[in-house]
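Take a look at the structure set out below.
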Amino acid sequence: MPETYDPRTVETAAQKFWAATHAFEVKEDAARQKYYCLSMLPYPSGALHMGHVRNYTIGDVISRFQRMQGDNVLQPMGWDAFGLPAENAAIKRGIPPARWTRQNIEHMRGQLQAMGFAIDWSREFATCDPAYYVHEQRMFVRLFKQGMVYRKNSVVNWDPVDQTVLANEQVVDGRGWRSGAPVQKREIPQWFLKITVYAQELLDGLDRLPGWPDAVKIMQRNWLGRSEGLELRFDVEGGGSLEVFTTRPDTLMGVTYLAIAAEHPLALEAARHNPQLQKFVDACKQGGVSEAELETREKLGIDTGLFALHPVTGERIPIWIANFVLMGYGTGALMAVPAHDQRDWEFATKYDLPITMVVISDPVRDAIAELARDAADNTDAMSAALGQSKAIDVVEPSSAASILDEYAHRIIVDGPFCAHGTLVNSGAYDGMDYDQAFDALAERFAHEGRGRRKVNWRLRDWGISRQRYWGCPIPVVYCAKCGAVPVPEDQLPVKLPEDVAFSGVRSPLKSDPEWRRCQCPQCGGAAERETDTFDTFMESSWYYARYCSPGAATQIDARADYWLPVDQYIGGIEHAILHLLYFRFYHKLLRDAGLVHSDEPAANLLCQGMVIAETYFRAGANGEKTWINPADIDVTRDARGRVAGATLRAGGLPVSIGATEKMSKSKNNGVDPQLMIDRYGADTVRLFSMFAAPPDQSLEWSEAGVEGMARFLRRFWRDVAAHAAQPDHPPLDPATLKPAQKALRRQLHATIAKVGDDIGRRRAFNTAIASLMELLNALEKFTDVSDAGRALRHEVLESMVLLLNPFTPHASHALWQMLGHAETLIEDVAWPRADPAALVRDSVTLAVQVNGKLRGTLDAAPDAPRGALEAAARALPGVVAALGGKAVRKVIVVPGKIVNIVAG
RNA sequence: GCCGAAGUGGCGGAACCGGUAGACGCAGCAGACUCAAAAUCUGCCGAUAGCAAUAUCGUGGGGGUUCGAGUCCCCCCUUCGGCACCA
């Protein structure tokens, strides 16, 4: 073994060894504890980026760690191969999506292997393989037959110039990204999967996922958006009616207008006879469909001139069309109560609609109640309730009314009161609280057949149709006689033609009459195929289960019961809602199809942060910025080490320093992992990406930081090599160690305990590595070459090789052999155990405070009595000075931590 | 706009359950080695005042709870992620 660390030879040798011995291929083994460690599968975009490196290194650290715990560890890999970028590449470079995708996969597989990930490659697949998506099509057909699938119109972004549907991402400032034309909303028929059937289970299941981050569960809970309310029918003057859903039936008497969506049938009908309304409805069709765009748009409305009748009072209520009411949510109509809803208030204020207060807060209610009890002395209570400095001097008998008037006025001027409270101005419902009013109104309307209690969800059914070529064909044919008919299972897969000319504007499926033409499976007559493809979230919703059943004739087979659920799932936080919700939903579909036997797909979830880097640019004469890659930059610093400026490495021209942002092509701040592997080796890259930040935070790439990791590995290698060259030593006898030896051994065993806890429980890889660095620093100060010293050094180095193995498997593989283990493989060696006897401390250091400020420290036996600690603390010179004769009022002693003397 | 995070030295970060703020790494400064440089090694390294011992301040801003707050509560600011057709 060489004495200096050469990552290239070490890594090539280890990778060759793993490949030759199929080291990470696993089989079901009922006798062993399984561990399924899954990282989100990559989109084959062309080359590995740092986000992949980080994601898969986290997974690999956990996988290798669990293997050293004795588990049968499955870590698979595959490719999320359908999607928009392949079409974009085809447009840009004229390469067919299939060829581009498969080339990328070849290249990226090699890069993953160069990172040394312990992946079972025998299970690999790409989601664009017909052998994969055939099962997805079969599942769709079964769901179709079960009534879980339906077709309805829904709205898409339409580019009127390119005559194509645009993804939200392709709409920039309301215009098509290529044509620049203003985007329009257009309704087209699309397929939907009834995810809302599972809404309640998806919500309840969150409570049974203790291993998922709270942030993800909260976001999913809010996304599902369960609300309990009342569905209520308003009669429309002159015939017809309008259904609304409200979560605030208690505010019913404060309704001053109704608002309906521009696509609402009533709006369309009204617009037919009124050019102004028609103009407004048409204007609402401009722009994209994303919620962010709709919600940030100026809230606009127009009076239809129609009136609804209040279901209790019969009063006439104007009906408005509003651009923020969405046809897709609820009933496409809402009752507006501007006194008690922020958005209704803003709209009413803008269009000068009445604002009627019908709910008051508890303090106002109490003030009124007090007035009733004690009419003489009420001014204080009233002014307190209203929060004003001057008491109102108009009191009884109309004092309660004047409070209400004042309060109602404040709502009109300052804004709505949105919390629950007590009803006023509501006739028979006055004095009720939210629940009482809800119950009373629900009962009344149920009796009248006008309304009913309803649970409403924000969640909408999953639209799975995409008007794109590079995706899994939806296995449906359209027959003039039989309508939409699913393709029979024995005729699947409906294969996507891969050898096609593709301009990017029109899907080859749609422009090829030959591909479309088929026979109706039901009547045998002429029919046409569906030319839409599935949302790519369909493929990524069940791949985890397919990894467990490689080559199965069915979608999933019994082998999955051994591996599922996933023990640890790892991926980006950007997937917190959509992918992870579809993933959970599809698992329930698989369960109800009898294919899996658990309720949730993954027990533990780790969401890693982004990889970010500094940006550098030069501004041209016209102000346009040319972004320069960090790899081509030298940073200059002032005497204190602060960054003073940056220059181009070639030529030395000064450049401007931009923000530190997510690595991206547009800002040219992506650091190529390949370059880093070539320069420093995979172990150093792995180590830095685990050290620089905790996994769930963003990670700033720093080449200087990478060099620091390389230095650490070189030092460690050199120390092991130097030790291996020393003469043999007798076995270590822990009982006879000298104090310095005992101290080092205690640090070793504390580090063993900490690294195991940091990796296994806390997932705090950065602090695990920091503690290993501290241990190496301590070892290098330990110059004892006695027999016991050498034996101890051996224990430290051997443990460190094992503790580092999850992070730097190539170096550990080589160093394990250097330490004399030619017979055993480090991959199968058990994780070291901390020796409790070595951890025992003779003394601990306590902080001593006076009034919460540190005035000294104190060494004491861990079990020293409180009295002794207090006495020792009061004797400290710093404490005496700080007390300065002040009377001690209280002494707080936290054993092993702190003594705080409260004086004054 | 709505939902979810994050903000600590020159920089990345540590402080796990409310108990010595700044571990570890980077950068910087000083020194050793060297003809020199690189590499390596040793020491210093939050701010202010002071020769020093030390004192005061200090975890985005403002308030609060507590013997004690980076950590808990309230309000605010900034940045980031998601918002159903990017994956």
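In what follows, every chain begins at residue 1, and chains take the letters A, B, ... in the order their sequences are listed.
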Donor-acceptor pair present, A:Gln190 side chain and B:C85 base, under 3.5 Å: yes
Below 4.0 Å: OP1/OP2 of B:C57 and any side-chain N or O of A:Lys853: yes
Nearest to side-chain heavy atoms of A:Lys781, which nucleotide of B:C26, B:C3, B:G43: B:G43
A:Lys350 atom NZ, neighbour heavy-atom count above 12 within 6.0 Å: yes
Nearest-angstrom distance from the residue atom CG of A:Leu854 to P of B:C67: 20 Å
Distance-only donor-acceptor test, A:Gln467 side-chain atoms vs B:C85 base atoms, 3.5 Å: yes
P gap between B:A47 and B:U59, integer Å: 15 Å
A:Lys897 NZ to B:A15 P, straight-line distance once rounded to whole Å: 13 Å
Interatomic distance where CD belongs to A:Glu614 and C1' belongs to B:C26 [whole Å]: 13 Å
N/O donor-acceptor pair, side chain A:Arg889 with base B:C67, under 3.5 angstrom: no
Out of B:A39, B:C86, B:C67, whichever nucleotide has its closest atom nearest the side chain of A:Glu169: B:C86
Distance, rounded to the nearest Å, where A:Ile612 contributes CD1 and B:A5 contributes C1': 14 Å
Distance below 4.0 Å between A:Arg762 side-chain N/O and B:C16 OP1 or OP2: no
d(CD, A:Glu87; C1', B:C85) in whole Å: 11 Å
A:Lys662/A:Glu614 salt bridge by N-O under 4.0 Å criterion: no
Which nucleotide in B:A87, B:A14, B:G82 has an atom nearest any side-chain atom of A:Gln697: B:A14
Under-4.0 Å side-chain N/O to phosphate OP1/OP2 contact, A:Ser702 with B:C26: no
Rounded distance (Å) that lies between atom C1' of B:C86 and atom CD of A:Glu539: 14 Å
Enclosure of A:Arg458 CZ (heavy-atom neighbours >12, cutoff 6.0 Å): yes
Any donor-acceptor pair under 3.5 Å from A:Arg54 side chain to A:Arg686 backbone: no
P-based separation of B:A39 from B:U48 [nearest Å]: 30 Å
Ion pair A:Lys510/A:Asp532, N-O distance below 4.0 Å: yes
Geometric class of the A:Phe585/A:Trp462 ring pair [parallel <30°, tilted 30-60°, perpendicular >60°]: perpendicular
Residue A:Asn157, side-chain heavy atoms: nucleotide from B:C85, B:G19, B:C24 that is nearest: B:C85
Whole-Å distance separating the CG atom of A:Asp162 from the P atom of B:C85: 20 Å
Nearest-nucleotide pick for A:Thr767, side chain only, options being B:A14, B:A84, B:G81: B:A14
Distance between C1' atoms of B:G19 and B:C72 (Å, rounded): 14 Å
Nearest-nucleotide pick for A:Lys754, side chain only, options being B:C41, B:C16, B:C24: B:C16
Among B:G43, B:C24, B:C16, the nucleotide that comes nearest once only the side chain of A:Asp757 is considered: B:C16
Nearest listed nucleotide, side chain of A:Arg714, among B:A84, B:A87, B:U40: B:U40
